[in-house]
Each structure stands twice: as structure tokens, then as C-alpha cells.
2 protein chains.
Amino acid sequence: MQPNELVSLLKKHNLKNTKVRREILAVFSHAERPIDAIYLTENIKVNKSSIYRELKVLLDKGIILEIEFGDGKKRYEFSSLKHHHHLICTNCKSVEDVTLNQDLWLEEKSIEEKTSFKIERHNLEFFGLCANCK
Amino acid sequence: MQPNELVSLLKKHNLKNTKVRREILAVFSHAERPIDAIYLTENIKVNKSSIYRELKVLLDKGIILEIEFGDGKKRYEFSSLKHHHHLICTNCKSVEDVTLNQDLWLEEKSIEEKTSFKIERHNLEFFGLCANCK
DNA sequence: TACTTTATCGCAACTTAGTTGCGTTTGTCA
DNA sequence: TGACAAACGCAACTAAGTTGCGATAAAGTA
Ligand SMILES: [Mn+2]
Ligand SMILES: [Mn+2]
Ligand SMILES: [Zn+2]
Ligand SMILES: [Zn+2]
């Protein structure tokens, strides 16, 4: 994310341009996989409560979204990325992005008609062995 | 689960027929939604480490499977149930089972061809508002 | 620039879910 | 009825995340 993009993003959401915030967003900008809070605390010199509070702010503003790998640590990615899922190697823990040919819109439409449940989001991740590990 | 089914299940997996084990399996038998460890500790008079250890045994044996709702508590269901997913109401926390018209086999096959990643399982849950809450 | 307001931050204490070491009990099979 | 491993209880511990509160620092205004 370029400095000018950052400024307009923060302005748009009425967020102050602080050091902690800039550093967290910089990590997300350069990240090639979803990032967890622990990683941020280890890579930014800032108190952990600031990390967790900032993640909540960014999540509430819709700037990032929460991803669940099921290992007890929440992960986050920019929500502006194209909707996708992940291939998680259970051996080496590598993570690849993947998009479905036909995400789940049709299935969700069908479910909503059958059940009158209003679906707002889904969490889908795949687990297995990457090319190297299999 | 009937008593004779239970005995043969335990025998098949070389598991001792203990009180704790019977009670945990009884809870799963009557459950209408995935069960978490806390629920078990609140409903069975047994030490929590026994609960967690037993869940690990049942998981390793493939008798139950782990489900992730993303709220920090692992949930478990009998693995013998027909493969399905869940509709989780973000308002009242109700949980409904749901099966896809065409689960994800085609998508997984396509992903495996494109990426040479070997998919072994997926975790898919839907979030939104149930009929009552929407 | 100085002043005011309020979001943000650091710190420490706390909570919740889950884990581990170890000594004791119990189910199973001979 | 032993022998033996699996299972259990207990207490202490870990890891991820939360909270209260006083201090600091952006951002707007005079
Ligand atoms: Mn991604
Ligand atoms: Mn279910
Ligand atoms: Zn791998
Ligand atoms: Zn509801």
C-alpha cells in the first residue's frame, strides 16, 4: 500500500494516522498469507493489547477479514483482495491461495430457498499435502 | 447409540469400556449439534483433562471429527454422520445441519489438477441469520 | 502556535480453552 | 486372581486473547 493510499484509507474510515496502525497495515501489505496476532507482536515493537485492539478496529471497519484455520489462532487478510480460500499443508504448514471455479453462490442461494436462513458469509479452507510434502 | 453397538465400537478400536467414555459417547449420541469440551465438562462429572484426552482419543480413532466455528472452542460430531456443513446464526447462535447439492468434490478435483496439492479434508461453515432472527 | 478533544497506547492483571506430569485406579485378558 | 496397560484425577501450567486505567499523541480549532 502506497503512503497516499494509506492516508485516504484512514481518512475514509475516520482513523488516526498512527505509527502502530501504519506498521500493522504495512505488514498486511507485504504479507503473502493470512497473518495472526502473534506474528504481529513478534514483528512490531508494540504492546500486544494494541495489536488485538487494532485488529478489532480494522475488522469492524471491514478493512480486514478474519480467517479460521482451526489451530487456535485467528488470522487476518485485507478484505479488498479477490474472494478466495486456502490450501493449508498439514505437514509443512504452507498456505496457498485458491479460488473456486464457481464459489458457493449457487449453493448458498439454494440453501436460502430451502431453509429460509439468510447466509451472510462462509469460512472454507482446504487441508492436505502440498506438492513438496505429498 | 445402543449398548451393543457401543460395545462393538469400543472393541473394534481396542478401547476400554469405561464410565467416562460411555458418558461422553452418550452425549454425542443424543446431541443435535456439534459439542464442545466445555459442554461436556458441565454435563459429565469428570475431570476436564479426561474430557480433553478422551476427545483426542476419539478423534485419533476417527470416531468423531473436529468442527471449527471460529469462536475459540473446538466442536465435535460423530464422524459416521452423512457429510454435511452448518448454518450458524450469528444472532441466537442456533446451528442447523445442511448438505450441499454437490459438495466440493468437483472443485477439489479441479484444484488438485491445477495445483498438485493433495486435498484431504475441508472445513466449511456458513454464518448468517436464522429464520427467526432475520 | 497553543488549546481542546478524543482516539490510541502501554502496562499489568485477568480470563478462557486447552495441556502436561505424575501418581493412582480400573478394565481386560491370561 | 494377578499382571499390565490404559484411563483417570489433580494441580500446575501454557497460549491466545481481554480489560481497566492512567498516560500520550493525533487532529481539529482558535
Ligand atoms: Mn489469502
Ligand atoms: Mn452437524
Ligand atoms: Zn507442505
Ligand atoms: Zn437465530
Side-chain angles (χ1 to χ4, degrees), chain A residues 3-4 6-28 34-76 93 123, chain B residues 3-4 6-28 34-76 93 123:
Chain A
N4 56 331
L6 178 94
V7 168
S8 63
L9 176 73
L10 298 183
K11 202 135 236 167
K12 190 172 101 186
H13 291 282
N14 292 310
L15 294 174
K16 287 185 181 174
N17 186 347
T18 69
K19 188 154 174 287
V20 171
R21 184 161 285 149
R22 281 193 304 275
E23 295 195 71
I24 290 177
L25 290 173
V27 171
F28 280 115
I35 297 297
D36 61 73
I38 306 296
Y39 178 87
L40 291 171
T41 62
E42 288 171 347
N43 287 275
I44 302 177
K45 272 194 308 301
V46 61
N47 191 272
K48 66 172 176 172
S49 54
S50 299
I51 296 286
Y52 285 106
R53 279 192 278 235
E54 182 60 20
L55 287 171
K56 187 171 190 317
V57 168
L58 298 175
L59 189 62
D60 289 348
K61 295 287 187 181
I63 296 170
I64 58 175
L65 48 80
E66 201 169 72
I67 296 164
E68 189 54 64
F69 284 6
D71 64 348
K73 289 188 291 191
K74 298 265 173 71
R75 287 173 171 75
Y76 303 87
K93 314 299 175 195
N123 188 85
Chain B
N4 55 331
L6 178 95
V7 169
S8 62
L9 177 72
L10 297 182
K11 202 135 238 169
K12 189 172 105 186
H13 290 283
N14 291 310
L15 294 174
K16 288 185 182 176
N17 185 347
T18 69
K19 187 153 176 288
V20 172
R21 185 161 285 149
R22 280 193 304 274
E23 295 195 71
I24 290 178
L25 290 173
V27 171
F28 280 114
I35 296 297
D36 61 71
I38 306 296
Y39 179 88
L40 292 170
T41 62
E42 288 171 348
N43 287 276
I44 303 177
K45 272 193 309 301
V46 61
N47 191 273
K48 67 172 175 172
S49 53
S50 300
I51 297 284
Y52 285 107
R53 279 192 279 237
E54 183 60 20
L55 287 171
K56 187 173 190 316
V57 168
L58 297 175
L59 189 63
D60 289 348
K61 294 288 185 179
I63 296 170
I64 57 175
L65 47 80
E66 202 169 72
I67 296 165
E68 188 56 62
F69 283 5
D71 65 347
K73 288 188 290 190
K74 298 266 173 75
R75 287 173 170 76
Y76 303 88
K93 314 300 174 194
N123 187 84

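In what follows, chains are A, B, ... by sequence order, proteins preceding strands, each numbered from 1.
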Grab the [atom1]-[atom2] distance between [X] and [N] for me, whole Å please.
X	N	atom1	atom2	answer
Leu6(A)	dA26(D)	CG	P	14 Å
His13(B)	dG27(C)	NE2	C1'	18 Å
Arg75(B)	dA17(C)	CZ	P	10 Å
Asp71(B)	dA17(C)	CG	P	9 Å
Leu10(A)	dA25(D)	CG	P	19 Å
Leu59(A)	dG17(D)	CG	C1'	14 Å
Leu40(A)	dA16(D)	CG	P	13 Å
Tyr39(A)	dA16(D)	OH	C1'	18 Å

**Study point:** Sequence-distant partners of Lys56(A), salt bridge (charged side-chain N to carboxylate O under 4.0 Å, His left out), two or more places apart
**Key:**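 Salt bridge (charged side-chain N to carboxylate O under 4.0 Å, His left out) list for Lys56(A), sorted by chain: Asp60(A).
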Review point. Can you name the residues that form a salt bridge (charged side-chain N to carboxylate O under 4.0 Å, His left out) with Lys19(A), not counting sequence neighbours?
Key: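 For Lys19(A), the residues satisfying salt bridge (charged side-chain N to carboxylate O under 4.0 Å, His left out) (neighbours in sequence not counted) are Glu23(A).
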Review point. Could you give the distance from CG (Asn123(A)) to CD (Glu68(B)), rounded to the nearest 0.5 Å?
Key: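 Separation between the atoms: 8.0 Å.
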Check your understanding: If we only count heavy atoms from C-beta on, is the Leu15(B) to Ile63(B) side-chain gap below 4.5 Å?
Key ->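 They are in contact (side-chain heavy atoms under 4.5 Å apart), so the answer is yes.
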**Study point:** Leu55(B) side chain near Tyr76(B) side chain, heavy-atom distance below 4.5 Å
**Key:**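 Of all side-chain heavy-atom pairs linking Tyr76(B) with Leu55(B), at least one is under 4.5 Å.
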Practice item. If a pair satisfies ring pair (Phe, Tyr, Trp, His ring centres under 6.0 Å) and one of its residues is in residues 47-70 of chain A, list it, with sequence neighbours excluded. Key: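 Output for this query lists Phe69(A)-His86(A).
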Check your understanding: Which of residues 15-27 of chain A sit near DNA chain C, with a heavy atom under 4.0 Å from it?
Key ->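 Output list: Leu15(A), Lys16(A), Thr18(A), Val20(A), Arg21(A).
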Check your understanding: Quick one, which residues of residues 42-56 of chain A touch DNA chain C with a heavy atom under 4.0 Å?
Key ->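 Contacting residues: Val46(A), Asn47(A), Ser49(A), Ser50(A), Arg53(A), Glu54(A).
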Practice item. Run the numbers on Tyr39(B) and Val27(B) for side chain to side chain contact (heavy atoms under 4.5 Å, CB included), then give the verdict. Key: CA-CA 10 Å; Tyr39(B) 179 88; Val27(B) 171; 3.7 Å; yes
Exercise for review: Not counting sequence neighbours, which residues clear side chain to side chain contact (heavy atoms under 4.5 Å, CB included) with Ser8(B)? List them please.
Suggested key: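 By the side chain to side chain contact (heavy atoms under 4.5 Å, CB included) rule, Ser8(B) matches no residue at all.
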Practice item. Using the side chain to side chain contact (heavy atoms under 4.5 Å, CB included) rule, pick out the option among Leu25(B), Ile24(B), Asn17(B) that qualifies with Arg21(B). Key: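 One option only clears the test, and that one is Leu25(B).
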